[in-house]
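Because the structure is predicted, anything quoted here is derived from the model rather than measured. Naming: A, B, ... by sequence-line order, numbering from 1 per chain.
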Amino acid sequence: MSSEEERSEDSQARELAKTYDPALTENAWYSTWLTKGVFAASSDSAKPAYSVLMPPPNVTGMLHMGHVLNHTIQDVYIRWRRMAGDESCWFPGADHAGIATQARVEKLLAQENLTRYDLGREKFLERVWQWREQYGDIILDQLRKIGVSCDWERMLFTLDESASKAVSEVFIRLFDEGLIYRGKRIINWSPLAQTALSDEEVESRETQDVLYTLRYYPEDAAEPLLVATVRPETIFGDVAVAVNPDDERYRDLIGTKVRVPLADKLVPVIADEYADPTFGTGAVKITPAHDPNDFEVGQRHDLPMPNSINPDATLNELAGEFQGLDRFDARKRIVERLRERDLIEKEEEYMHSVGYSQRGGEAVEPFLSDQWFVNMKALAAPALEVVQSGEVRFFPQHWTKTYEHWMSNIRDWCISRQLWWGHRIPVYYAPDGSFTAARSAEEACAKLGLPEDTPLRQDPDVLDTWFSSALWPLTTMRWLADGQKEQTADLAKFLPTNLLVTGPDIIFFWVARMIMMTKKFKGVIPFRDVYFTSMIRDARGRKMSKSLGNSPDPLDIIAKYGADAMRFTIIYVAPIGQDIRLKVDEKTQDIATMEIGRNFANKIWNAARFLLMKHKEVIKGVAREAHEDLPTYRYDLTDSWITSRFHETIRDTQRALQEYRLHEYAGKLYEFIWNDFCDWYVEMLKIRVAHSPTETYRQEMVNHAFLIFEGILRLLHPVMPFITEELWHAITDVDSSDSIVRAPVPTLDEARILPQETAQFRTVQSIVEELRAMRGQMNIPPHERLPITLACPDDPTSELLKSERHIITELARGSNLHIGRGLAKPAGAIATVVNGVDVFLTLKGFIDLDKEKQRLAKEIGRLKGMIKGTAAKLQNEKFLANAPASVVEHERGKLANLENTLAKLSTNLEQLAE
RNA sequence: GGGCUGGUAGCUCAGUUGGUCUAGAGCGCCUGCCUUACAAGCAGGAUGUCGGGAGUUCAAAUCUCUCCCAGCCCACCA
C-alpha cells in the first residue's frame with residue numbers, strides 16, 4: 001500500500017487530532033505529489049502558459065529565511081495560476097557558483113596539504129564535480145521541505161552540458177560582433193580568490209586610514225614637493241607626480257623631475273586636470289598599475305605602467321627590501337622607514353571608502369591585467385527601453401529608477417575569472433599571438449586562416465558565473481541544447497515568462513543581464529513582471545547572517561512550527577517594498593512570530609474537526625462532496641452573509657495577488673477565516689443547528705458550511721499547501737488519487753456579494769457586541785443570563801431581529817429576549833443604541849449606578865465631540881458649496897444618527913440620576 | 001556628492017485616487033472565562049499631539065515645501 005492510500009484511508013477513518021501536527025502530513029504529502037507528478041507542466045498543453053524561473057540557488061548554499069520568502073512567493077503564484085487553469089511551470093535549477101564552490105573544494109584540499117595546482121586542472125575539476133554530487137543537492141532538498149511545486153523534471157544545473165553549449169555560443173557570437181573584447185585594464189582583483197571581479201562584486205565601505213603626506217624632492221632643489229597618499233606601499237609603482245595645469249603653486253615644476261621616496265627613482269611632474277588643487281597638497285602621485293584614475297592619467301601621458309604588487313597582494317621585486325611582504329605589513333614597514341628617513345611631512349586620520357570583495361571580504365586590489373570584457377552600452381539600450389516602456393514591470397515600481405540609473409551609466413563588464421570551476425572561455429590562441437573565439441580548435445584554425453593542425457592554446461580562464469546566469473531564461477528552456485536548435489517547444493510555450501521573484505540586491509548582477517541577453521538573442525523580454533522581495537532583518541534591523549548568529553535555520557523553524565506556518569507567517573508579515581523585521585531569539589534562534597501561522601493552521605484544523613463532528617451528528621450517512629456549486633435551499637441571513645463574505649474574500653484575494661500585494665492576500669484570508677468563519681459563522685452554526693425546525697434544514701446548513709470551508713481550503717492552498725491538502729481529503733469524498741494542487745480556484749460570483757444582507761448582519765453583530773461589552777463593563781459573570789430588550793425604530797428591523805432571536809440570545813447570553821417596535825426601557829436596565837435600535841440589558845441585582853453613569857457619560861462625551869465636528873462642517877458654507885453631494889449627504893445622515901443616539905443616551909442618564 | 005526608502009499604539013506594521021478616520025490589525029499588556037472544534041482558544045478592555053514646522057484645501061495620516069532621524073543603493077579626490 002502506498003503512502004497516500006494509507007493516509008487517505010486514515011483521514012477518512014480517524015478522528016482528527018486535537019492539535020494539528022504538521023510533521024505527520026508535510027513530508028508525506030510532498031512525496032505523494034512527486035509520485036503523482038502533479039507539478040509537471042507540458043509545453044504541449046492547450047492551456048494558457050504561466051511560468052516562473054527559479055533563481056538558481058548556489059550549490060554551496062544553505063537554506064535561509066531569504067530563500068523561504070522568495071520561494072514561498074514563487075510557489076504561491078505557481079500554485080495559484082495552476083489552480084486558475086494555466087499550464088503553470090516553475091523551472092528549477094542550481095548555480096555552479098564559481099568562486100564559492102572552488103573555494104570550498106580548495107579548502108578541503110588544504111586539509112590534505114594540497115593545492116589545486118598539485119592536482120592540475122583536470123583532476124581538480126573531478127574533485128569539484130565529486131563534491132557537487134555529494135553536497136550540491138542539499139539546498140534543493142531543503143527547498144522541497146518548504147513545499148515548492150516546481151517541475152523537477154526540468155531541473156538544470158548551470159554547468160550542465162546543455163547550458164555550456166548556449167554559453168559558448170553566446171560568447172562566440174558576441175565576440176564575432178565585437179561586443180566581447182580582450183583588454184589590459186585596471187580591474188578589481190581579489191587577492192584571496194586570486195581572480196578578477198566585476199565592479200558589482202565589490203562593495204565599498206567607509207574605512208579609517210591614515211593620509212600620509214610624503215616628501216618628493218626635486219632633482220636640484222632642497223624644498224620637497226608634498227604629495228598625499230593613503231597607500232605608501234604603492235610608491236614603487238609611481239611613474240609621475242601630477243599637478244593641475246592651472247595651479248600657480250606648481251607651474252614652475254611641471255616638466256621637472258622629483259625623487260620617489262625610498263624607490264630612489266626620478267619621475268616627471270606632469271600637468272593633468274585630474275589633480276585637484278583643493279585636495280591635500282594639490283599634487284598627486286601617479287601609480288597607473290594600482291589605481292584606476294592613475295591608469296587613465298598614465299594613458300593620457302603615455303607613461304609606463306609598472307606593476308609592483310603580486311597576485312597574492314605581496315610586493316614584488318620592484319619593492320626592493322620590501323619584496324614578499326603582504327601589502328598591509330609592507331605599508332607599516334615602509335612608513336617606519338619613511339619616518340626614519342624624515343620623508344613624511346605629516347600623518348592624519350582619514351576616513352574614505354575602500355572596495356572589498358563581496359565574497360571574500362578582503363580589500364580588493366586595483367590590478368592591471370589582461371581580461372575579457374563585454375561592451376555593455378549596446379546591450380543596455382534595448383534592455384532599458386523595455387523597462388521604461390513598461391513591457392517589463394517592476395514591483396515595487398521604484399526599482400525602475402535604480403535600474404535606469406545603472407543602465408544609463410553602465411560600464412563594461414569584466415567577465416573573465418582566473419578560476420577553473422566554470423564555463424571555460426572558448427578562445428584559442430595561435431603561436432603567432434593571434435586569437436579568436438570558436439566552437440572548437442579546428443574552427444578556430446579556420447577562422448584564423450591557419451592550417452588545421454596548428455597547435456592552439458585555449459584561454460585558461462573561465463567566465464563569471466553571472467554570465468551563464470544571464471542566459472537562464474534561455475538555457476532552462478533548452479535553447480541550443482539539442483542540435484543547436486534556436487526554437488524549442490518550451491521557448492515557444494513559456495517565453496516570456498510571467499514572473500521573476502528575486503532580491504533587489506541582484507538587480508544588476510542578474511535581472512538586468514537576463515533582460516539584455518534575452519532581448520539580444522531572442523528579441524523578446526525574459527519576463528513580464530519582476531517582484532523584488534523584502535530583505536529579512538532581525539529585530540535590530542541587521543541583515544541576517546551566520547556570523548552575527550541571527551540567521552535561524554528554516555529547517556528548525558519548520559520542525560517547530562511546520563512549513564505551512566512558516567510560509568503563511570512570512571507572507572503575512574511581509575509588506576511589499578519594505579524590509580521585514582523578525583524577532584530572533586538570541587540564544588535559540590527561534591522566531592516566535594511563527595506562532596501566527598502555527599496558530600492559524602491549528603485554527604483551521606479545528607474548524608475542520610468541528611465540521612466533521614457536526615457532519616457525523618447531523619448528516620450521518622450522506623456523502624460529502626467537493627463541488628463548486630452552492631446549495632439550492634433557501635438561505636437564511638447567516639448563510640447569505642457568509643457566502644457574501646466568501647465571495648468578497650475571493651475577489652479581494654485574487655485582486656491582491658494580481659497586484660502583488662501578498663500580505664493582503666494572506667491578511668484577507670486570515671481575517672475571513674478567523675473572524676468571520678470561525679468566530680461568527682461556526683458559533684452561529686451551533687445555535688442554528690440546535691434550533692433548526694427540520695432535519696433537512698439542519699443537513700443543508702451543515703452541508704453549506706462544508707462547501708464554504710472546502711472553498712476556503714482551495715483559496716488558501718497556494719500559501720498553505722500541506723494542511724489544505726490534508727483537510728481537503730479529510731472533509732470531502734474526493735478520490736484519494738485527486739489532489740487539491742490541481743483543483744480549481746473558487747469561482748468568483750459577484751452576484752453573491754450582497755451589501756444589504758451584509759449590513760443587516762452587521763446590525764445583529766453590533767447588537768451582540770454591544771451587549772457583551774455592557775456585560776463586561778458591569779462585570780457580569782459569564783454564566784449569568786440576563787433579559788434583553790431590543791426596541792426597534794420600525795417593523796422591518798423588528799422582523800429582522802426576530803428572525804435572528806436565537807443567535808442574539810445565545811451569543812449575548814440572554815435569558816429572554818423582547819423584540820418590538822418602540823418598547824420601553826425595562827426597570828433596572830442599562831442601555832445603548834445600535835443603528836437606531838435601543839439595546840436594553842436588564843441587570844436585576846447587578847446594576848452599579850455609578851459605573852453605569854460613568855459609562856454613559858463617557859459615551860455621551862464622545863458623541864458630543866463628534867456632533868460638534870460634524871455640525872461645524874455642515875454649517876460651513878464652503879463645505880456645502882465645494883464638497884460632493886454624497887459626502888454632504890453622508891455627513892447629514894451621520895449627524896442625525898449621532899443626535900438620535902445622543903438623545904436616547906441622555907434620557908437614560910437622566911433617568912439614572914432620578 | 002547623487003538617488004531611493006521609511007518615520008502611525010510598548011513592538012511589527014495596515015491605512016488604495018484627500019471626505020463613514022476624534023486612525024485600524026496582530027503581538028504584547030490588563031480583566032473575566034477549561035462556554036457542546038481550538039487555552040496554539042473565547043469574550044471584553046487600556047494605549048496614539050499619525051517624526052517637527054509651514055503651506056494648499058470646505059476638508060490632510062493622505063497633497064506641496066522645509067527641517068530632523070533611520071536604512072539602503074550608486075559615484076567618488078590622492
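Remark: B:G44 base-pairs with B:C30; criterion is Watson-Crick or G-U wobble with both hydrogen-bond distances under 3.5 Å. The nucleotide B:U62 finds no pairing partner, because no Watson-Crick or G-U wobble arrangement with both distances shorter than 3.5 Å includes it. Using N1 to N3 plus N6-O4 or O6-N4 for Watson-Crick, or N1-O2 and O6-N3 for G-U wobble, each under 3.5 Å, B:C50 pairs with nothing. Nucleotide B:A70: paired with B:U5 (Watson-Crick or G-U wobble, both distances less than 3.5 Å). The partner of B:A37 is absent, by the rule that a Watson-Crick or G-U pair needs both atom distances under 3.5 Å.
Distance from the side chain of A:Tyr572 is smallest for B:G26 among the nucleotides B:A78, B:G26, B:G19. Closest to the A:Tyr274 side chain, of the nucleotides B:A78, B:G19, B:C34, is B:A78. Here the nucleotide nearest the side chain of A:Lys603, chosen from B:C73, B:A37, B:A40, is B:A37. Among the nucleotides B:A37, B:U35, B:C11, the one closest to the side chain of A:Lys583 is B:C11. Minimum atom distance to the side chain of A:Pro884 is reached by B:G19, of the listed B:A46, B:A78, B:G19. Picking from B:A78, B:C33, B:G44 the nucleotide with the shortest atom distance to the side chain of A:Glu769 gives B:G44. Checking B:U16, B:A37, B:G26 against the side-chain heavy atoms of A:Ile596 singles out B:G26 as nearest. Of the candidates B:A78, B:A40, B:G26, the closest approach to any side-chain atom of A:Thr19 belongs to B:A40. Here the nucleotide nearest the side chain of A:Gln777, chosen from B:U36, B:A78, B:G45, is B:G45. Nearest nucleotide to the A:Lys401 side chain, out of B:A46, B:C4, B:A78: B:C4.
A:Ile270 has its CD1 atom 13 Å from the C1' atom of B:A78, to the nearest Å. For the pair A:Lys894 NZ and B:A59 P, the interatomic distance rounds to 16 Å; values are reported in whole Å. Rounded to an integer number of Å, the gap from A:Trp680 CH2 to B:A37 C1' is 18 Å. Rounded to a whole Å, the CH2 atom of A:Trp399 is 11 Å from the P atom of B:G6. For the pair A:Glu617 CD and B:A37 C1', the computed distance is 12 Å after rounding to whole Å. Per the geometry, CD belonging to A:Glu233 stands 13 Å off C1' belonging to B:A78, to the nearest Å. Residue A:Ile570 contributes atom CD1, which lies 15 Å from atom C1' of B:C13 at whole-angstrom precision. In this entry the distance linking CD of A:Glu203 with P of B:A75 reads 12 Å, nearest Å.
Rounded to whole Å, the P atom of B:A46 lies 22 Å from the corresponding atom of B:U8. For the P atom pair drawn from B:A70 and B:G32, the interatomic distance equals 44 Å after rounding to whole Å. Rounded to the nearest Å, the gap between the P atom of B:A25 and that of B:C72 is 33 Å. Spacing of P atoms, B:C11 relative to B:A75, comes out at 36 Å, to the nearest Å. Remark: the separation of the P atoms in B:U17 and B:C63 is 8 Å, to the nearest Å. Distance noted for atom C1' between B:U62 and B:U16: 11 Å (whole Å). Using C1' as the reference atom, B:G7 and B:G52 are 12 Å apart when rounded to the nearest Å. For the C1' atom pair drawn from B:C34 and B:A40, the interatomic distance equals 15 Å after rounding to whole Å.
Between A:Phe568 and A:Tyr670, the angle of the ring planes stays under 30°, which puts this pair in the parallel group of the 30/60° scheme. Using the six-membered ring where Trp is involved, A:His691 and A:His806 have ring planes that are parallel, under 30° apart on the 30 and 60° scheme. Under the 30°/60° scheme for interplanar angles, the aromatic rings of A:Tyr660 and A:Tyr531 are found to be tilted. The aromatic rings of A:Phe706 and A:His615 stand perpendicular to each other, their planes meeting at an angle above 60°, with 30° marking the opposite boundary.
A cation-pi geometry, defined here as NZ or CZ lying under 6.0 Å from the six-membered ring centre and within 45° of its normal, holds between A:Lys686 and A:Phe610. Both tests hold for A:Arg205 against A:Tyr356: distance to the six-membered ring centre under 6.0 Å, angle to the ring axis within 45°.
Look at A:Arg411 and you'll find a side-chain N or O under 4.0 angstrom from OP1 or OP2 of B:A75. Within the 4.0 Å cut-off from OP1 or OP2 of B:G41, at least one side-chain nitrogen or oxygen of A:Asn599 is found. For A:Trp674 and B:C42, the shortest distance from a side-chain N or O to OP1 or OP2 is below 4.0 Å. In terms of phosphate contacts, A:Lys285 brings no side-chain nitrogen or oxygen within less than 4.0 Å of OP1 or OP2 of B:A78.
Contact annotation for A:Gly597: no contact, since no heavy-atom pair falls under 4.0 Å across all strands. Among the heavy atoms of the strands lying under 4.0 Å from A:Tyr350 are primed sugar atoms or P, OP1, OP2 only; no base atom is included.
Sequence order on RNA chain B of the closest nucleotides to A:Ala773 and A:Tyr670 puts A:Tyr670 first from the 5' end. Nearer the 5' end of RNA chain B, as judged by each residue's closest nucleotide, is the contact made by A:Phe600, out of A:Lys878 and A:Phe600.
A:Asn876 places a side-chain N or O within donor-acceptor distance of the main-chain N or O of A:Lys878, the cut-off being under 3.5 Å.
Using a 4.0 Å cut-off between charged side-chain N and carboxylate O, A:Glu859 and A:Arg862 make a salt bridge.
On a pure distance criterion of 3.5 Å, no polar donor-acceptor pair joins the side chain of A:Glu891 and the base of B:A59. No hydrogens or angles were tested; on distance alone, a donor-acceptor pair under 3.5 Å links the side chain of A:His890 to the base of B:U20. Side-chain N/O atoms of A:Lys686 and base N/O atoms of B:A37 include a donor-acceptor pair closer than 3.5 Å.
The 12-atom threshold is exceeded at CD of A:Glu404, counting heavy atoms of other residues, nucleotides or ligands nearer than 6.0 Å.
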